[in-house]
Amino acid sequence: MRTSPFTTLAPAELIHLALNASRNNDSGMSISYLKEAVSRPDATGTAHFVLGAEYAQIKMYDRAVAEMEAAVALDPAMSIARFQLGLLWLSSGVADRALETLGPLQDLGQQNALTHFGRGLIHLMRDEFTEAMHCLTKGIELNTENPALNDDMQRIMDEVNRLPPDSLQNKGTAAAPEHHIFLSAYTRNDKSA
């Protein structure tokens with residue numbers, strides 16, 4: 001039986017190496033490290049979250065959803081995994097799951113950027129564009145720790161700003177805007193975490 005060369009590495013080392021590989025645009029190596037990390041009995045929510053993010057970057061959205069779900073199941077307080085899972089559900093057109101997933105972010109408090117980002121996405125699902133833009137803007141103002149997430153939210157805002165003015169008048173349909181608005185958050189070229 002052939003043994004993986006990664007078995008001697010600690011989980012934190014595997015995650016660190018995976019992030020480094022991702023920054024170097026080596027998704028294959030990053031996923032290899034992360035698959036080893038999540039296969040262990042002591043797998044963490046963080047390992048599943050990073051693997052889900054890597055899958056999302058290479059547009060394997062079903063696998064990304066599965067890994068984000070595993071991250072939230074292992075660590076329900078991992079708000080960023082919950083937010084990304086909600087965004088993935090939106091990009092898949094599953095608004096009810098997105099609402100269910102994003103809802104608990106409202107309990108994080110008014111000084112937490114994810115509260116506003118989650119609320120903004122919920123407003124977008126309801127075609128409440130003015131409110132959505134206000135919430136996303138507030139989230140960007142509060143988020144000083146994750147510039148890549150601000151870039152993602154700005155991309156969504158830019159997509160909303162490109163919508164025809166007459167479509168911005170149709171409020172309250174409770175249907176997600178075109179999926180490409182949400183998928184744009186996963187199409188950036190850099191791999192910053």
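Numbers here simply count residues along the sequence, with the first being 1.
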Please determine if Glu69 and Arg97 form a salt bridge, counting it only when a charged side-chain N lies under 4.0 Å from a carboxylate O.
yes

Are a donor atom and an acceptor atom from the side chains of Glu131 and His123 found within less than 3.5 Å of each other?
no

Between the side chains of Thr115 and Gln110, does any donor sit under 3.5 Å from an acceptor?
no

Are Val65 and Leu74 co-members of a hydrophobic cluster defined by side-chain heavy atoms under 4.5 Å apart?
no

To the nearest 0.5 angstrom, please state how far the CD atom of Glu67 sits from the CG atom of Leu85.
11.5 Å

Sub-3.5 Å donor-acceptor pair from the side chain of Asn24 to the main-chain atoms of Asp26, do we have one?
no

Is it the case that the side chain of Gln106 and the backbone of Gly103 share a donor-acceptor pair, with hydrogens and angles ignored and the cut-off at 3.5 Å?
no

CG/Asp151 to CG/Asp158 distance, rounded to the nearest 0.5 angstrom?
10.0 Å

Sidechain N-carboxylate O distance under 4.0 Å for Arg155, Glu159
no

Considering only heavy atoms from C-beta outward, does the side chain of His48 approach that of Leu51 to under 4.5 Å?
no

Any heavy-atom pair between the side chains of Leu114 and Arg82 that's under 4.5 Å?
no

Taking all non-hydrogen atoms of both residues into account, name the closest pair between Leu34 and Ala18 and its distance.
CG-CB, 3.4 Å

Measure the CD1-CZ distance between Ile80 and Phe117 for me, rounded to the nearest 0.5 Å.
8.5 Å

Near Asp62 CG, under 6.0 Å, is it more than 12 heavy atoms from other residues, nucleotides or ligands?
no

CZ on Phe49 to OG1 on Thr46, rounded to 0.5 Å
8.5 Å

With hydrophobic residues grouped by side-chain heavy-atom distances under 4.5 Å, do Leu142 and Leu105 end up in a single group?
no

To the nearest 0.5 Å, how far apart are CG in Leu124 and SG in Cys135?
9.5 Å

side-chain contact (heavy atoms from CB on, under 4.5 Å) evaluation trace for Met125 with Leu90:
CA-CA 8 Å; Met125 285 187 282; Leu90 279 174; 3.0 Å; yes

Give, for atom OG1 of Thr101 and atom CD of Gln84, the distance between the pair rounded to the nearest 0.5 Å.
12.0 Å

Side chain to side chain donor-acceptor pair (under 3.5 Å) for Gln57 and Ser22? Distances and angles first, verdict last.
CA-CA 10 Å; Gln57 287 296 322; Ser22 184; over 6 Å; no

